[in-house]
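Notes to accompany the following structure.
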Amino acid sequence: MARPFSFTYLLKGKAEMARVAALLSGRGERSTHPVDEVLPASRLALYGFQHVLAFYAGAVIVPIIVGGALKLSTEQLVYLINADLFTCGIASIIQAWGIGRIGARLPLIQGVTFTAVSPMIAIGLGAGGGTAALLVVYGAVITAGLATFAFAWLPAKAFGTVMRLFPPVVTGTVITVLGIVLVPVGLNDAAGGLGSPDFGDPKNFAYAGGTMLFILVLMRVGRQFVSSIAILLGLVGGTVAAYLLGDVHFADVGRADWIGVTTPFHFGMPKFQWFPILLMLIVMLITMVETTGDTYAVGGIVDKKVDSETVARALRADGAATALGGVLNSFPYVAFAENVGLVRMTKVKSRFVVVAAGVFMIVLGLLPKAAAVVASIPNAVLGGAATVMFAMVALAGIQTLAKVDLKEEKNALVVGVSLAFALLPATVPVLFEKHMNADLSSLLNSGVTLGATAAIVLNLIFNGLAKAEEPVAVTPTDAGQAATEAVAAPTT
């Protein structure tokens, strides 16, 4: 009789862990790379929960904004949040664990892309708002997810040609843009959260600054293990401080249900309309650029070679998760840059940490009361931690650009002009709000969209397609390999 699957059994013994990791790597041989290392259960839990806390605010903000814009009830909004967390967990496990040729098998957390917010609101308002509008949104999401999944199965030669659109000057620029665009999001949270009554209150900056300082001190003076969970400790410490000062309230925890099960097509069968589908296809093109950049970035951070097949597997996971999101009442998915920054900060490279995080997310998606506890972390505390992580994302992009010859004027123009385009929506919002067609604005009112598009187009204009023999992948360096070995060594 076959032994039933047990997570505890999976973690038993170093020999068994190495064997399972090798099997899951899809190579049939023993893997010694830290990415494939199955850590002890206690550390998996700690590191995984830290990823959840780091990603939580960014994950739930999309259903909150979209649900609010479509005038959903509080009960419907809570359902959207639970569905999002539940699907995020499944998507992250697919990406990190891997199913056949689906999933990058790297420590990449999957979350709902913020790029889709404006288009989804435009689609929903055009459909009249409410749950009826969600059905049109989900029809577009499912179609775009399936299209992305199919695209990533193109023959190697065709897919390789597409990947030649993303040499280091493009991927480095996109990663840098992601970090630069995300930093203001963290700063807004540090100020209390846009729209909150106390937005900009110095007290919020005190909480954010204290959290940030605590994290930096732990990173500087803490031992390897302590520094690796500095973000988690910072969030806990900041929340405790705010609670002692009377600024954390758990009323929502008491009102939340214990169990909330996500069911397919909860709001009804999706509706498929051509213009919403077109909008969502464009969104997925942008998310493919984001995931490509994040895959290269995390590959460089963990010293794991990333090639066209790795990127294809990551994009297949994106497409599968997005289609699944439409079925399970959620939205388009992308590799989360926030957690790429966390991987860089903590130097914890095991992809099984993301699998553990995925399990936590599924549990949170099933337990609204547990999710409400995490949601009680003050915006200012989240902002303090997030700002550090977002800055590290930008740094990862800068390091990729360091491999590019920026003395070459063509490359310098690609980077500089793309960064300028990325800052346009935040700098001149009136252009998109008052002087642009609503449908066009919903597509272009995103720094990531404009910056990534500009990088691709300008690189084609100035440099053309990367040469077939030009290495676009990020490969381990000797210094990086030494760092990998240091992280893998036992802590004394």
Side-chain angles (χ1 to χ4, degrees), residues 113 115 118-119 147-148 151-152 154 156-182 278-279 281-297 300 306-308 311-312 315 334 337 393-394 396-428 431-432 435-437 439-474:
T113 174
T115 306
S118 294
T148 303
F151 169 80
L154 284 174
K157 185 175 181 179
F159 190 83
T161 300
V162 175
M163 288 299 100
R164 287 166 61 196
L165 291 169
F166 307 108
V169 68
V170 173
T171 56
T173 301
V174 171
I175 298 166
T176 305
V177 163
L178 281 169
I180 290 174
V181 170
L182 286 169
L278 176 62
L279 282 179
L281 286 172
I282 296 174
V283 167
M284 290 308 294
L285 285 174
I286 301 303
T287 63
M288 283 193 284
V289 176
E290 290 186 46
T291 292
T292 298
D294 289 337
T295 304
Y296 281 126
V306 172
D307 54 19
S308 295
V311 174
L315 295 179
V334 70
V393 173
I398 292 171
Q399 287 187 318
T400 301
L401 290 174
K403 304 172 184 177
V404 177
D405 181 11
L406 293 179
K407 293 180 181 179
E408 173 61 52
E409 186 175 347
K410 294 177 180 179
N411 291 331
L413 284 171
V414 171
V415 177
V417 176
S418 298
L419 292 176
F421 270 93
L423 295 174
L424 184 59
T427 308
V428 194
L431 171 65
F432 303 90
H435 303 292
M436 191 176 289
N437 174 274
D439 292 332
L440 186 61
S441 175
S442 68
L443 288 176
L444 300 181
N445 192 7
S446 162
V448 174
T449 300
L450 289 180
T453 303
I456 294 171
V457 172
L458 289 172
N459 182 66
L460 283 174
I461 292 173
F462 287 114
N463 297 319
L465 284 174
K467 296 179 181 178
E469 66 273 12
E470 183 177 340
V472 224
V474 176

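The first residue of the sequence shown is numbered 1, and numbering continues consecutively from there. Because the structure is a prediction, the values reported are computed rather than measured.
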**Q.** Heavy-atom side-chain proximity of V311 to Y296 below 4.5 angstrom
**A.** yes

Name the atoms and distances for all side-chain donor-acceptor pairs under 3.5 Å in residues 282-291, with sequence neighbours left out.
{"unit_1": "T287", "atom_1": "OG1", "unit_2": "M284", "atom_2": "O", "d": "2.8"}
{"unit_1": "E290", "atom_1": "OE2", "unit_2": "T115", "atom_2": "OG1", "d": "2.8"}
{"unit_1": "T291", "atom_1": "OG1", "unit_2": "T287", "atom_2": "O", "d": "3.3"}
{"unit_1": "T291", "atom_1": "OG1", "unit_2": "D318", "atom_2": "OD2", "d": "2.4"}
{"unit_1": "T291", "atom_1": "OG1", "unit_2": "A335", "atom_2": "N", "d": "3.4"}

Q.
I need the minimum non-hydrogen distance between T400 and P168, along with the two atoms involved.
A. CG2-O, 3.9 Å

Q.
Is there a side-chain contact between L423 and I180 in this structure, where contact means two heavy atoms from C-beta onward sitting under 4.5 Å apart?
A. yes

Q: Using the test side-chain contact (heavy atoms from CB on, under 4.5 Å), find all partners of F432 that sit at least two apart in sequence or belong to another chain.
A: L424, P425, M436, S441, L444, N445, L450

Q. Taking all non-hydrogen atoms of both residues, which atom of L315 and which atom of T148 are closest, and how far apart?
A. O-CG2, 3.8 Å

Q) How long is the gap from NZ on K410 to CG on N459, to the nearest 0.5 Å? A) 10.5 Å

Q) Between D405 and N411, which heavy-atom pair has the shortest distance, and what is it? A) O-ND2, 3.1 Å

Q: Only counting residues at least two apart or in another chain, list the ones meeting side-chain contact (heavy atoms from CB on, under 4.5 Å) with I398.
A: T176

Q. Out of curiosity, L419 CG to T173 OG1, how far, rounded to the nearest 0.5 Å?
A. 6.5 Å

Q.
So, taking the atom named CG in L458 and the one named CG in L413, what distance separates them when rounded to the nearest 0.5 Å?
A. 8.0 Å

(Q) If you compare all heavy atoms of A152 against all heavy atoms of A312, which two are closest, and at what distance to 0.1 Å? (A) CB-O, 3.6 Å

